[in-house]
Undergrad: 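Handing you this structure, nothing more for now.
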Amino acid sequence: MAAAAPAMARALLLCLVAASLALSSSAQSCTTLTFSRSGDFALCSSLQRLSSTLHWTYHPSNGTVDIAFRAPQSNTGWVAWGINPQALRMTGTQALVAFVNGSTGRVAPYTTSVTVAPLQPSSITIPATNLQGDFSGGFYTIYATLQLTNNETRVNQVWQSSTAFSGGFPAGHATTGENVQSLGTLDFLSGESTAATNNIIRRRNRHGVLNAVSWGVLMPMGAIIARYLRVFKSADPAWFYLHVGCQCSAYIVGVAGWGTGLKLGSDSVDIKHNLHRNIGITLFCLATLQVFALLLRPNKDHKYRIFWNVYHWSVGYAVIILSIVNIFEGFDILEPAKKWKRIYVGILIALGAVALVLEVFTWGVVLRRRSRGGEKSHHGAANGAANGYGDRQAV
Ligand SMILES: *[C@@H]1O[C@H](CO)[C@@H](O)[C@H](O)[C@H]1NC(C)=O
Ligand SMILES: *[C@@H]1O[C@H](CO)[C@@H](O)[C@H](O)[C@H]1NC(C)=O
Ligand SMILES: *[C@@H]1O[C@H](CO)[C@@H](O)[C@H](O)[C@H]1NC(C)=O
């Protein structure tokens with residue numbers, strides 16, 4: 001015991017030394033940088049992605065902040081940094097952009113409100129003055145003085161670096177790795193900055209996949225099964241179990257995806273995606289209603305069955321339409337690689353094409369059956385599966 005105490009003290013000391021070394025080395029990464037523009041910056045932050053750093057001095061007396069954004073890039077590439085007043089995402093970012101103009105060999109930084117590529121000069125909602133830029137030693141630096149909106153020092157920052165151009169202006173960047181993780185929140189007053197971590201990005205992607213597969217693909221498939229398979233007598237009652245099975249698994253996966261969305265929403269204190277959230281909650285309520293209404297379903301020949309059917313189709317189609325709307329809403333928030341949106345659009349077109357072909361084909365079947373069956377086919381929906389025409393109307 002007596003010998004253990006000095007040993008522990010030594011270990012503790014070693015730990016402290018190691019920790020302070022680690023701290024000073026991480027601090028070094030931005031505090032030791034010097035700038036061609038005169039005057040030092042009071043605070044800095046290593047932005048963790050794309051090896052960039054942000055340096056600034058905040059003036060509380062008038063709510064302005066002098067900034068310098070520095071990022072490595074070649075003289076044939078571009079860098080950009082900006083504040084997004086709306087959300088932690090690229091679209092809507094009020095950005096400063098810099099690149100070496102090939103014909104003048106100079107950097108002339110400008111402002112742009114990010115909507116679509118290419119990034120052409122435009123005015124931004126955060127007044128930026130003293131705009132200046134330089135390129136040296138493989139690094140771009142953009143200087144500016146920003147007038148913070150309502151003296152609000154906590155902002156969403158987004159930055160980027162790429163070599164893609166179109167028509168002489170920056171256009172496009174890698175859609176994987178650090179190029180999609182280069183965003184986070186920053187407090188100019190305290191200097192505290194948080195990067196959008198890999199973890200959050202993974203959770204957002206998982207939320208997107210779960211919901212796109214369940215609400216966006218399985219549910220429309222289940223509706224197609226119910227509407228078209230039931231026309232074939234041989235598929236009765238298999239279509240019913242397929243339909244229920246499809247919608248129930250969609251519901252279970254969908255509720256899991258919905259839960260991940262609620263968690264993401266409650267974790268994101270600064271940013272609210274109200275429309276996406278409200279549609280999501282509506283969808284959960286409607287789909288839950290749909291599941292429980294199954295238990296209240298009157299018999300096939302009950303006189304109220306027709307009302308239940310009308311209720312079931314209207315809620316069902318409303319869920320499908322709202323789901324698709326909300327998935328596109330989600331694409332806008334998540335901003336995944338373009339191919340994911342294209343893949344989803346492709347799946348929707350394929351489902352639509354299948355539905356169209358089956359629509360034509362099953363009407364053919366029903367009309368033929370009707371012309372053969374004569375009288376028998378006018379019993380309508382109440383007659384259920386025994387009657388093709390009735391079924392056709394019923395779905
Ligand atoms: C801006 O905020 C700082 C810190 O809260 C405060 O000291 C300062 O007076 C504010 N300035 C203006 C112009 O509102
Ligand atoms: C804001 O305040 C700082 C420090 O007090 C000063 O240097 C700067 O010129 C002021 N900027 C404006 C736009 O008034
Ligand atoms: C590059 O500089 C030339 C000459 O000043 C100018 O005409 C051109 O518009 C500049 N290009 C861009 C993309 O700013």
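As a basis for the values below, the full set of heavy atoms in this structure was taken, side chains included, without hydrogen atoms, waters or symmetry mates. Computed from a predicted structure; not experimentally measured. Counting starts at 1 for both ligands and their atoms, following the listed order. Along the sequence shown, residues carry numbers from 1.
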Undergrad: Could you check whether atom 9 (O) of ligand 3 has a protein contact, counting only heavy atoms that fall below 4.0 angstrom?
TA: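 Neighbour list for atom 9 (O) of ligand 3 is empty of protein heavy atoms (cut-off 4.0 Å).
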
Undergrad: Going by atom types only, do Gln94 and Ser113 share a side-chain donor-acceptor pair under 3.5 Å?
TA: yes

Undergrad: Atom 11 (N) of ligand 3: which protein heavy atom is closest, and how many Å away?
TA: Asn101 ND2, 3.0 Å

Undergrad: Gly168 heavy atoms, cut-off 4.0 Å: which ligand 3 atoms fall inside?
TA: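 This gives 13 (C) as the contact atoms.
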
Undergrad: What I'd like to find out is whether the side chain of Thr112 reaches to under 4.5 Å of the side chain of Ser122, using heavy atoms alone.
TA: yes

Undergrad: Between Trp340 and Phe331, is the ring centre distance below 6.0 Å?
TA: no

Undergrad: Are Asp66 and Thr57 close enough that a side-chain donor and a side-chain acceptor fall under 3.5 Å?
TA: no

Undergrad: In the complex you have, is atom 5 (O) of ligand 3 within reach of the protein, judged by whether a heavy-atom distance drops under 4.0 Å?
TA: yes

Undergrad: Looking only at heavy atoms, which two atoms of Tyr304 and His302 are closest? And how far apart?
TA: N-ND1, 2.9 Å

Undergrad: In ligand 2, which numbered atoms sit nearer than 4.0 Å to a non-hydrogen atom of Ser61?
TA: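 Those of ligand 2 that fall under 4.0 Å from Ser61 are 2 (O), 5 (O).
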
Undergrad: List the closest protein heavy-atom neighbour of atom 13 (C) of ligand 2: residue, atom name, distance to the nearest 0.1 Å.
TA: Thr64 CG2, 4.1 Å

Undergrad: Between Thr260 and His207, does any side-chain donor sit less than 3.5 Å from a side-chain acceptor?
TA: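 Yes.
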
Undergrad: Identify the protein heavy atom lying closest to atom 1 (C) of ligand 2, giving its residue, its atom name and the separation to 0.1 Å.
TA: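 Of every protein heavy atom, Asn62 ND2, 1.5 Å lies nearest to atom 1 (C) of ligand 2.
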
